[in-house]
Protein chains: 2
Amino acid sequence: MSRAEQKERTRRAIINAAFSQLSADKSFASLSLREVAREAGIAPTSFYRHFADMDELGLTLVDEAGLMLRQLMRQARQRIEKNGSVIRTSIETFMEFVTGNSNVFRLLLRERSGTSAAFRSAVAREIQHFVAELAEYLRKETICPDELARAQAEAMVILVFHTGADALDAPPEQYSYLTSRTITQLRWLAHGAAGYGRKAKV
Amino acid sequence: MSRAEQKERTRRAIINAAFSQLSADKSFASLSLREVAREAGIAPTSFYRHFADMDELGLTLVDEAGLMLRQLMRQARQRIEKNGSVIRTSIETFMEFVTGNSNVFRLLLRERSGTSAAFRSAVAREIQHFVAELAEYLRKETICPDELARAQAEAMVILVFHTGADALDAPPEQYSYLTSRTITQLRWLAHGAAGYGRKAKV
DNA sequence: AGAATGAGCGAACAGTTGTAAGCTAAGCGG
DNA sequence: CCGCTTAGCTTACAACTGTTCGCTCATTCT
């Protein structure tokens, strides 16, 4: 096995170990370097061959989580083309992600308001990808000035994100309620924004 | 000084020490019993005379934070009576709270998605007070079925709460933008919900 | 072939943490 | 006024933390 190849392999082992230790009652901040190293199967000191400190590992995790979310977005777009219903399909795809990768979503959710400014802005950046994309869609589909399209997109993303957070603490039989509630909220927003766009009509 | 009186006094010292150690880069989870005791001016072991463990202290902090929020709500109502503008006054009052007691707000913000289920539900309960109150107001002011009033109130509270979180990382000169953006979002929601309430008309 | 690189290791160190045990002394109830 | 209660203290311990240092040894480069 090549030298670089092996290095990449244990780097992944570290990342996977970190992800696997995240849970409902263990945040990234409460992970210890030694614990992660133990699960990755290396000595504590070997950790430093790959990351300068835990913060650097954390930023890597946030990046990977953001990547997963963007892949999800692409997947949702494909479904929408076949399926039609934009709002419902988007939310359902998102909810599948949240329930299927709850630890990844929790990471973003927590670090969004965490103690590290670097983490916070990294998460904010990932979320902004969503907002920008949705805003562009809104600009095309509706007759809406840039500024308002962005404000509308932000509100929508926040509501969806929050529904994901709710789902983490809710029993699965409530998912469909949460989903339909959020759909209603998004329709209100779209409807209201459209009304203000063409003030004369409403 | 009475015995009970003195006990209450150091209990408050502990609570105040905990609050004062919270900051942008120090969450409740990262407080240590010893540090808190040190700042409160007592021996580490004396802490146990007042709280069984740090979790019990944390729940107390959340309760106090919720209390402050409810007082704020009352204050907002008074302003509204004199001032008129419901949405703007509410948000401005809230933003004053967030910027003036940022550590208290941060506590709620973080523990809402923290690692303790007890903390999460305690925060959720405090937020539900807002939602319930707002929902009742909406039921009275608009012609809206209970279920929808609640969904509308939830969306509004989430958006306002999130704006507070934004403000924590934003420079003060952006506050007025954040405020007006949120006002727009809430108006859309109100407008859209009203539209769906009387479907025939729009 | 020989030298250089660098991933991984073990031992060690100085801190910190939560908590148990037992003592002191001040306030309280009888 | 005496005995009980109890807030607060000191001491102590075992468990963990992040990080430094110096070593080995397989891969890579020349």
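So that the names make sense, note that chain A is the first sequence line, chain B the second, and so on, each numbered from 1.
For A/Gln128, the side chain to side chain donor-acceptor pair (under 3.5 Å) criterion is met by A/Arg150, not counting sequence neighbours. Scanning for side chain to side chain contact (heavy atoms under 4.5 Å, CB included) contacts around A/Phe130 gives A/Leu69, A/Met73, A/Val157, with sequence neighbours left out. Evaluation of the ring-ring contact (aromatic ring centres under 6.0 Å, His included) rule for A/Tyr175 yields no partner, not counting sequence neighbours.
Residue-to-nucleotide contacts include a donor-acceptor pair under 3.5 Å from the side chain of A/Thr45 to the base of C/dG10.
Of the residues in residues 3-14 of chain B, B/Arg3, B/Gln6, B/Lys7, B/Thr10 come within less than 4.0 Å of DNA chain D through at least one heavy atom, sorted by number. Within residues 34-43 of chain A, the residues having any heavy atom closer than 4.0 Å to DNA chain D are, in order of number, A/Arg34, A/Arg38.
For A/Tyr48 and D/dG22, the OH to C1' distance is 16 Å, given to the nearest whole Å. Atom-to-atom, CZ of A/Phe51 to P of C/dG8 comes out at 12 Å; the value is rounded to the nearest Å. In this structure, A/His50 places its NE2 atom 16 Å from P of D/dT19, rounding to the nearest Å. Distance A/Asp53 CG to D/dT17 P: 16 Å, rounded to the nearest Å. What separates CZ of A/Phe47 from C1' of C/dG6 is a distance of 18 Å, to the nearest Å.
Of the candidate nucleotides C/dG18, C/dG8, D/dT28, C/dG8 has the atom lying nearest to any side-chain atom of A/Arg49. Taking only side-chain atoms of B/Leu33, from C-beta outward, the nucleotide of C/dA7, D/dC9, C/dT19 with the closest atom is C/dT19.
Between B/Arg12 and B/Glu64 there is a salt bridge, with a side-chain nitrogen of the basic residue lying less than 4.0 Å from a carboxylate oxygen of the acidic one. In summary, B/Glu35 and B/Lys26 engage in a salt bridge, as defined by a charged side-chain N under 4.0 Å from a carboxylate O. In this structure, B/Arg70 pairs ionically with B/Glu126, as a charged nitrogen and a carboxylate oxygen lie closer than 4.0 Å.
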Would you mind writing out the side-chain donor-acceptor pairs for residues 107-123 of chain B within the sub-3.5 Å range, not counting sequence neighbours?
unit_1   : atom_1 : unit_2   : atom_2 : d
B/Arg110 : NE     : A/Ser113 : O      : 2.8
B/Arg110 : NH1    : B/Ser23  : O      : 3.0
B/Arg110 : NH2    : A/Gly114 : O      : 3.0
B/Arg110 : NH2    : B/Ala24  : O      : 2.5
B/Ser116 : OG     : B/Ala118 : N      : 3.3
B/Ser116 : OG     : B/Phe119 : N      : 3.1
B/Arg120 : NE     : A/Asp169 : OD1    : 3.3
B/Arg120 : NE     : A/Asp169 : OD2    : 2.8
B/Arg120 : NH1    : B/Gly114 : O      : 2.7
B/Arg120 : NH2    : A/Asp169 : OD1    : 3.2
B/Ser121 : OG     : B/Ala118 : O      : 3.2

Test salt bridge (Lys or Arg N to Asp or Glu O under 4.0 Å) applied to B/Glu154 and A/Arg181, step by step: CA-CA 10 Å; B/Glu154 275 174 346; A/Arg181 183 198 65 178; 2.8 Å; yes

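In terms of phosphate contacts, B/Ser46 brings no side-chain nitrogen or oxygen within less than 4.0 Å of OP1 or OP2 of D/dA7.
Ring planes of B/Phe94 and B/Phe161: tilted class, angle from 30 to 60°.
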